[in-house]
Amino acid sequence: MVTLRRASRPRRLWWVHLLVLLMLASAGAGAAQAFFEVNNLGDNAAALACLTGTGFTPGDNPVGWQTTVVHLKDVLAACTADYTAQHGTAALVGALVLPAVALLLMLVGGFADRRRLHRREVAVASLAERFGVLCDSQGLVGRSRPRLVLVPPASGVRTAYTTGLPLRPPWVVVPSGYEHASTTAFDVVVLHELGHIRSRDLLWASAVWWTGWLLVPSFVLSVASSLKFSLVLRYYNGSVVTAVVAAVAALVLRAALLRRRELVADGYAAEALGDREAVRAAVSPAGRPVPRLRRVFAVHPTPEERRDIGKARLWESGFLFSAAAGLAAMFAYQFALRLSQDTFGSLFDDQRWPLTISAALGALVWAVIVVPAWTRRAAGQAGWAAPWVGSMCGLVLGFLAHPPGADSRIASIAGERWPALLLFLVVVSFAATAFAIGCARVPGTRAPRLARVGAVVAVAAVLGGAITAVVHSTIGHAMFEDLAAVRFHLASTGFDLWGHTPWVVLAGALLIASGKRPAEWSVVRQCSGVVLLTGTVGGVVAGLSLVLRYSDDVDRRTFLVSQMWWVSALVGVVALLAALVVGRSVPTAVATSVLAVLWAGLVQYAVTFADGIGRNGNMLWASVRNPAWSSFVALLVCAPVALVVSALTRRSHRGPRAFAWGPLAGLATAGLALLLVGGFLAPVTVREDDTRFSLAALAQQSPEPLPAVPGTADPGRPLDGATATAALSGLPALMPRPFEAEEPSQPTTRVTFQPESCDDVIAEGAAEEAASAPAVRLEKAYSVTAQGTVGDMDVNVVLESHTDPQDLSGIDREVAACSEYRLPAVGFDTPYWDGTMRLLPSTGQPHPSRAVSLTQTAVKSGRTAVFVFRQNAVAVGHNVLRIAIGYGYVETPPTATVRTAEALMTSITADVVRRLGR
C-alpha cells in the first residue's frame, strides 16, 4: 500500500508574472506606436512638416533635439505638442490593451474548455474516490478542493491537464482510461496536477501560453508597419531587428517557463508518493530523441529531462532569465521615458523629470525581478558567472537597442561617441549587478520582509542613479564636446533628485543587515572604526585644502570647494574596500562607505566653520550631499577593484579585525587626498577650468549674429532703381546649382482663408499694401532644382523702398490670427489644405525682422502632400526686404533641401543687408 504524505508547496516564481506582463506591455506599446505613426493617427505628417518649416529635418537626431538652442525650443514644442500627447496616449493604450487581450483570451478559452468538457464528462466511482483521498492527503479541502473531470477517449483528450479560472475551483481533467490502469499511475498523474494547483501556476501558465501567441503578431505588426514607407523605416530600422530578436527570445523564455512548471510538478508528485521510480516511469516514457532546436522551443520537457526528478534547476536565475530581466527593464525605461516626455511636454522641454521618472521605474522593475530570483540562487549554492554576464548583456543591449516598435532610443544621443557610451554602460551594469548579487546573498529566503524590501529598494536606487549619471554625462559630452562637461554633469546630477541616492542605498543596506542580526550587526560594530578613522582623516584634509588655499577669486574658490568635496568623496571608496576585507558583506560595506562619507562631510564642515569660511545651513547640507553623490559615482567605477578585494578575502576562513585595517584605511585616505589636492587625480575628478565651460556653453545657446553693416552710410536711406538693383546683384551667385531665373509671378485671384478672422486680417494687410505703393519695388524669382521635392524649390526676393520708415506689425497680426488655417484644395482627397503659421525667433539680425514658417498638408491618392513656405522680412529704415522660399514634398521631407533652404535664407539676408549699407 502506498503511503501518501503532504508535499511541501512548490516555490512560486511570482516575479515571472511581472516579466510576462512587461513583455506583453512593451509589445503592445511598440505595435501601437508603429500603427499610430504609419496611419498618421496623430497627424504626425503635420507635426513633421511644422518641424521642417523651422529647419529641422528627419535626418536630425530626435533625442538630440533636446540640445537645440534655447531660442527655438518654444517654437519646436508648439509644433509637437498635440502630436506628442496623442503619441503617448497611443503607447499607453497599446501597453494596456495587449495584456487585457491575453486576459480575455485566457477567460474565453477557459470558459469554452469547461463548456466542452461538461458535455462529455463521465463518472467513474473508483477514480473519484481515489481522487478525494489524494486531495485530502495534500490538504486541498473546502473551497480550495479541485474538481475531477473524467472524459472518454472520444473526447480527444489523451493526457491529463488542469484548467483554472479566477475565483473558481480548478478542474483536473483526466482520461477515463485510467480506470483500467494501476492505482500508482493514476496517483502520479493526479498528484502532478495537484502540484500545479498548490504552486498556483494555472493562471500565469495560461498567460504565458497566450503571451507567446500574442507577441508574434504584435511584433509582426510593428515590422510590417515599419516597411510601409521610407520615413518610418528610417526611424524604425533598428527596432525591426530588435522586434525579431525579442520575439524569438520571448518564445524561448516562454517555453522554458512552461517546461520548468512541468518539472516542478513532477518533483511534487515524487515527494508526495515517496517513490521517485514510480513517477519517473509514469512521466518519462521511452521515445525518439527530441532535436536540439525543437527542444529549445518545446513547452513540455523531454523524457530525458523528466528522468532527473528532484534535480535542482536554477535556470530561472541564470543567463537567460537575467538577460531577459535586463532587456525588459530597459525597454520599460525607454517606453516610460517617451511616455513621460509626452506627458510632461514635448521633446524640447526640460527633460529632468522624464529622465528621473523613467530611470526610477526601469531600475525598480529590474530589482523586483532579479533580487528574489538571485536570493534563491544564493540559497542553492550555484555559480554566479551566468547571471552576471546575462544581466550585463540584458542591461547594455536593452539600453542601446531600439525597443520593438519605438521610433527613437535614448542611446542615440551619443551619436559618434557610442564607444564611450558603451564603456559607461558596461561599467555601471557591472557595478549594479555586483551590488544586486551582494544584496541577494545576505537576506536569505526566510529573511524578514523588511530586509527583502530593503534589498530591492537599494538595488533599484543603485541602478537608477547609475543610469541617470550615464545619460546626463553623455548629454553633456554630446552638447559641449568637452570632458569638463562630463565631469560637471557627473557631479551636478547629484544636485537633483538622484542626489538622495546614497541615503536610499544606506537605508536599504541597514534594512538588509537587520535581517541577519546579531551576526551582521557585529560586523557593523567592527566597521565603525573604519568609519571614524577614514572619515576623520578625509574630513580634516578636505577642510584644510580649502582653508589653507582660500581665494577671493570666484572661479578659483569654486574649484577649491569642488576639490574639497571630492576629497571627502574618496573616503567612501577607501571605507568600502576596508569594510569588504573586515566583513565580506556587500550591503554592510556599502553602508560603511556612506556613513564614512557622511562623517567626513561633517568633519570637513567643522573645519571650515572654525575658520569662518562656511557658516550656513546650505554649506552644511552641501558638505554631506555632494561628496556622497561623488562617492557613489566613484564606487561605480571602482566596482571591479572591490570585486577583486572581496574575492581575495573570501579565501581565508576568518577575516582580519577592524582595528588592524582601520589605521591602514586612514593612511590610504590621506594618500589619496594628497594626490587629489596635488592635481594628480584631476583628469577624473575636477580641474580648475571646469567651472568655465558653462560660460562657453551659454554662448552656444544664442544665435550667431549676421555680419555687421560696414561703413557709416545710412543703411535705411530711400533707394532708387540703380541702388536697388545693386543690392540684389549678388543673388545669382548665391543660388544653388542648377537654377533658373524666372519672371515674377503675376497676382492671382485671392484665395479665401478659414477661419474668417484669418481671412479678414490677410485682406486688410493686402489693402494696406496696395494703398501705400512703394517708390521703388524690385523683385527677383528663381527656380532651384532640389531632389525630393515636387516642382523644385521656388525662391522669391522682393526689395521695396518707401518714402516713410516701415514697420512689420502687419506680419505679427497675420501670425496671431492664422496660427491654424485652411485653404481650399482642388483635386485632392481632402477638401482643404490644413496649414499652420508660426513666427520664428530672431536670427541675430540687427534690424527689425520677422521670420515666418508656413506649412500646409493635404492628402492625394492616400499619401500626404506637404507644402513648406519660409518668409523672412527685414525692415532697414525706409526699405523692406522680403525673402520667400517654398517647396513641396510627399510624406518624407527632403533633408538636403531643408538644409539648403535654411542656408540660402541666411546667405541672402546677409548679402542684401550688407549691400544696402554700402
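None of the values given here were measured: they were computed from a predicted structure.
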State whether the side chain of [X] and the backbone N or O of [Y] hold a donor-acceptor pair below 3.5 Å, judged by distance alone.
| X | Y | value |
| --- | --- | --- |
| Arg870 | Gly53 | yes |
| Asp829 | Ser861 | yes |
| Arg777 | Ala775 | no |
| Glu800 | Leu778 | no |
| Thr906 | Glu902 | yes |

Heavy-atom closest pair, residues [X] and [Y]:
| X | Y | result |
| --- | --- | --- |
| Ala724 | Val776 | CB-CG1, 4.0 Å |
| Ala851 | Asn872 | CB-OD1, 3.4 Å |
| Ala873 | Ile811 | CB-CD1, 3.6 Å |
| Ser757 | Ala817 | O-CB, 4.1 Å |
| Ala401 | Gln334 | O-NE2, 3.2 Å |
| Ala901 | Met793 | CB-SD, 3.9 Å |

Of the options [options], which is the one that meets [X] in a side chain to side chain contact (heavy atoms under 4.5 Å, CB included)?
| X | options | answer |
| --- | --- | --- |
| Tyr821 | Glu814, Gln856, Gln754 | Gln856 |
| Tyr887 | Asp794, Val898, Thr900 | Val898 |
| Leu916 | Val874, Val876, Asp911 | Val876 |

Could you state the interatomic distance from [atom1] ([X]) to [atom2] ([Y]), rounded to the nearest 0.5 Å?
| X | Y | atom1 | atom2 | result |
| --- | --- | --- | --- | --- |
| Ser801 | His878 | OG | NE2 | 7.5 Å |
| Met905 | Leu840 | CE | CG | 9.5 Å |
| Thr897 | Leu904 | OG1 | CG | 11.5 Å |
| Thr909 | His847 | OG1 | NE2 | 11.0 Å |
| Phe867 | Thr855 | CZ | OG1 | 10.5 Å |
| Gln871 | Ile885 | CD | CD1 | 11.0 Å |

Are the side chains of [Y] and [X] in contact, using a 4.5 Å heavy-atom criterion?
| X | Y | result |
| --- | --- | --- |
| Thr752 | Pro824 | no |
| Val852 | Val815 | yes |
| Leu421 | Val470 | yes |
| Arg882 | Val797 | no |
| Val866 | Thr864 | yes |

Original post:
Does a side chain donor of either Thr723 or Asp720 reach within less than 3.5 Å of an acceptor in the other side chain?
Top reply: yes
Original post:
Where do Thr836 and Leu854 land on the side-chain contact (heavy atoms from CB on, under 4.5 Å) test, with the steps shown first?
Top reply: CA-CA 6 Å; Thr836 64; Leu854 293 89; over 6 Å; no
Original post:
Is the number of heavy atoms from other residues, nucleotides or ligands within 6.0 Å of OH (Tyr832) greater than 12?
Top reply: no
**OP:** Flag yes if more than 12 heavy atoms outside Glu743 fall under 6.0 Å of its CD atom; otherwise flag no.
**Re:** no
Original post:
Step by step, would you call Met837 with Cys818 a side-chain contact (heavy atoms from CB on, under 4.5 Å)?
Top reply: CA-CA 6 Å; Met837 187 182 303; Cys818 306; 3.7 Å; yes
Original post:
Considering residues at least two apart in sequence or located in another chain, which fulfil the side-chain hydrogen bond (donor to acceptor under 3.5 Å, both in side chains) criterion with Ser729?
Top reply: Arg915
Side-chain donor/acceptor pairs under 3.5 Å, residues 782-790, sequence neighbours excluded:
unit_1 : atom_1 : unit_2 : atom_2 : d
Thr789 : OG1    : Ala786 : O      : 2.7
Thr789 : OG1    : Asp792 : N      : 3.3

**OP:** Just do the side-chain contact (heavy atoms from CB on, under 4.5 Å) check on Leu731 and Phe739 with the steps written out, would you?
**Re:** CA-CA 11 Å; Leu731 295 181; Phe739 75 95; over 6 Å; no
Subject >> Reference residue Asn796; test side-chain hydrogen bond (donor to acceptor under 3.5 Å, both in side chains); the match among Glu742, Glu779, Lys780 >> reply: Glu779
Original post:
How far apart are the C-alpha atoms of Met735 and Val795, what are their side-chain angles, what is the distance that settles it, and do they pass the side-chain contact (heavy atoms from CB on, under 4.5 Å) test?
Top reply: CA-CA 9 Å; Met735 292 298 124; Val795 181; 4.1 Å; yes
Original post:
Can we call the ring centroids of Trp833 and Phe828 under 6.0 Å apart?
Top reply: yes
